[in-house]
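Here is the structure we will look at, set down as C-alpha cells.
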Amino acid sequence: MITVLMPTYNVSQYVGQAIRSILDQTYDDFEFLIIDDCSNDDTVERIKSFRDRRIRLIETDKTQGISDMLNIGLNEASNELIARMDGDDISFPTRFEKQLAYLKANLQANVISSDYAMFDDNKILYTVKAAERHADIRKRLALHSEIMHPAAMFKKRAITDNGGYRNIKIEDYELWLRIKDKVVFGNVPEVLLLKRYRRDS
C-alpha cells in the first residue's frame with residue numbers, strides 16, 4: 001500500500017483531471033493525501049466533489065508553501081511508500097503499477113520517477129527521456145534534476161531521515177543533491193506522467 005501525496009494551491013481549473021488520473025490507477029490500494037495551502041479559488045470545493053474513501057484532505061490554516069506542505073504530508077502519511085503528484089498534472093493509469101514493479105525488480109532503489117511528457121492545452125509539446133540507473137542520474141544532477149518530482153515514488157524514510165524538504169523554491173532539486181550519496185535513484189524507462197506547462201506557474 002502507498003500514500004499518494006499531492007499539495008494544492010489555486011489549481012481549480014486542473015485539479016479534477018489530476019485527481020481522476022490517480023483514482024483511475026490500475027494499482028488501487030492507496031491512501032490519497034491532499035494538502036491544500038489556503039487556496040482562494042474553488043480548488044477545495046472541486047476536491048470535495050470527489051466521493052472516494054481513499055481521499056483524505058488536509059486544509060492548512062495559513063499559507064505555508066510547498067515545502068512545508070510536503071513535510072506535513074510526510075508526517076501524516078500512513079504508509080512508508082510515497083507517490084508524489086501535483087494538482088495540475090496527469091498520471092498515466094499504469095504509473096503506480098509500473099513503478100512498483102520497478103522497485104520490486106530493483107530492490108536497492110528507494111527514490112524513483114520516470115520519463116515524462118510536457119503538455120499544454122491538451123497537446124504534447126515534447127517528451128523527456130531520463131537516465132534510468134543510479135550512477136547516471138547522480139552524475140547528471142550536476143547539471144539538472146533527472147528525478148521528475150511529481151512523478152516520484154520513494155520510501156518515506158529516505159527523505160525524513162535526511163532532513164525532509166527545505167523551504168526554498170527548488171525544493172526537489174536541492175533535496176536530490178543533498179541525499180544523492182545516501183539513496184539509490186532509478187527511473188522507469190517509460191512516459192508515466194504528463195507534466196503541464198503553465199506560464200503562471
Side-chain angles (χ1 to χ4, degrees), residues 1-8 14-34 50 52-56 70 73-74 77-120 122-141 144-160 172-173 175-176 179-180 183-197:
M1 189 172 178
I2 64 179
T3 292
V4 184
L5 176 53
M6 187 174 85
T8 58
Y14 314 112
V15 73
Q17 276 187 304
I19 292 172
R20 177 50 57 197
S21 77
I22 297 300
L23 298 181
D24 288 345
Q25 290 290 304
T26 54
Y27 176 88
D28 61 4
D29 189 12
F30 56 79
E31 165 194 44
F32 193 0
L33 182 56
I34 305 175
F50 287 86
D52 192 292
R53 60 176 177 75
R54 295 168 294 182
I55 295 176
R56 181 158 64 103
L70 290 170
L74 291 177
S78 302
N79 303 295
E80 171 60 19
L81 198 58
I82 307 293
R84 273 281 289 112
M85 180 64 180
D86 279 347
D88 54 357
D89 296 334
I90 298 173
S91 285
F92 281 29
T94 57
R95 176 190 158 189
F96 295 167
E97 177 186 342
K98 291 184 175 180
Q99 288 183 316
L100 288 168
Y102 183 95
L103 287 170
K104 186 175 181 180
N106 298 271
L107 294 177
Q108 289 185 319
N110 48 15
V111 178
I112 69 168
S113 62
S114 71
D115 298 344
Y116 62 96
M118 295 295 298
F119 80 109
D120 181 25
N122 296 315
K123 70 174 182 292
I124 302 296
L125 301 175
Y126 57 88
T127 60
V128 177
K129 174 73 175 172
E132 182 181 352
R133 300 300 177 189
H134 172 79
D136 295 324
I137 294 169
R138 186 182 179 282
K139 185 185 301 181
R140 294 186 188 184
L141 279 174
H144 56 81
S145 177
E146 287 284 312
I147 299 292
M148 171 48 65
H149 198 202
M153 182 177 283
F154 52 77
K155 295 173 183 176
K156 180 168 63 175
R157 290 190 61 181
I159 308 304
T160 57
D172 54 332
Y173 187 34
L175 175 63
W176 310 144
I179 68 175
K180 69 183 188 308
V183 302
V184 176
F185 294 118
N187 274 313
V188 177
E190 183 176 342
V191 173
L192 297 179
L193 181 88
L194 294 177
K195 176 67 180 168
R196 190 182 301 273
Y197 174 73

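The structure places CZ of F30 at 5.5 Å from CG of L23, a figure rounded to the nearest 0.5 Å. Between the CE atom of M6 and the CD1 atom of I19 there is a distance of 4.5 Å, given to the nearest 0.5 Å. The distance from atom CG of L141 to atom CD1 of I147, rounded to the nearest 0.5 Å, is 7.5 Å. Summarising the geometry, atom CD belonging to Q99 is positioned 10.5 Å from atom CD belonging to E190; distances are rounded to the nearest 0.5 Å. Here CE of M148 is found 12.5 Å from CG of L192. Values are rounded to the nearest 0.5 Å. Rounded to the nearest 0.5 angstrom, L194 CG and L125 CG are separated by 10.5 Å.
You'll find the side chain of F185 stays beyond 4.5 Å of the side chain of N110, heavy atoms only. D89 is listed as a side-chain neighbour of L193, based on a closest heavy-atom distance under 4.5 Å. Side-chain contact between R56 and S78: present, with at least one pair of heavy atoms (C-beta onward) separated by less than 4.5 Å. Using a 4.5 Å cut-off on side-chain heavy atoms (C-beta onward), V4 and L33 make no contact. Looking at I82 and I2, their side chains never come closer than 4.5 Å, going by heavy atoms from C-beta outward.
Ring planes of H149 and W176: perpendicular class, angle over 60° (limits at 30 and 60°).
The heavy-atom pair separating A77 from T3 by the smallest distance is CB-CG2, 3.7 Å. Residues K195 and P150 come closest through the heavy atom pair NZ-CG, 3.9 Å. For A83 against F96, the heavy-atom pair with the smallest separation is CB-CE2, 3.7 Å. The two residues F92 and Q25 have their closest heavy-atom pair at O-NE2, 2.8 Å. Shown here for A158 and I179, the closest heavy-atom pair between the two residues is O-CD1, 4.3 Å. Contact between M85 and S91 at its shortest, heavy atoms only, is SD-OG, 3.3 Å.
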Side chain to side chain contact (heavy atoms under 4.5 Å, CB included) evaluation trace for Y102 with I112: CA-CA 9 Å; Y102 183 95; I112 69 168; 3.9 Å; yes
Candidate pair L100 and M153, rule side chain to side chain contact (heavy atoms under 4.5 Å, CB included), full reasoning: CA-CA 9 Å; L100 288 168; M153 182 177 283; 4.0 Å; yes
Full working for side chain to side chain contact (heavy atoms under 4.5 Å, CB included) between R95 and T26: CA-CA 8 Å; R95 176 190 158 189; T26 54; over 6 Å; no
Verdict with reasoning, D52 to F32, per side chain to side chain contact (heavy atoms under 4.5 Å, CB included): CA-CA 9 Å; D52 192 292; F32 193 0; over 6 Å; no
Salt bridge (Lys or Arg N to Asp or Glu O under 4.0 Å) evaluation trace for R54 with E31: CA-CA 5 Å; R54 295 168 294 182; E31 165 194 44; over 6 Å; no
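Panel note: side chain D24, backbone P93; no donor-acceptor pair is recorded below 3.5 Å. Without hydrogens or angle criteria, R196 side chain to M118 main chain gives no donor-acceptor distance under 3.5 Å. Distance alone, capped at 3.5 Å, places no donor-acceptor pair between the H134 side chain and the G186 backbone. Distance alone, capped at 3.5 Å, places no donor-acceptor pair between the N79 side chain and the L81 backbone. Under a 3.5 Å cut-off, the side chain of E146 and the backbone N or O of A130 do not form any donor-acceptor pair.
Ion pairing between K129 and D115 holds under the 4.0 Å rule for side-chain N and carboxylate O. For the pair E80 and R157, the salt-bridge criterion is not met [side-chain N within less than 4.0 Å of a carboxylate O].
Between the side chains of S113 and N187, a donor-acceptor pair is found at a separation under 3.5 Å.
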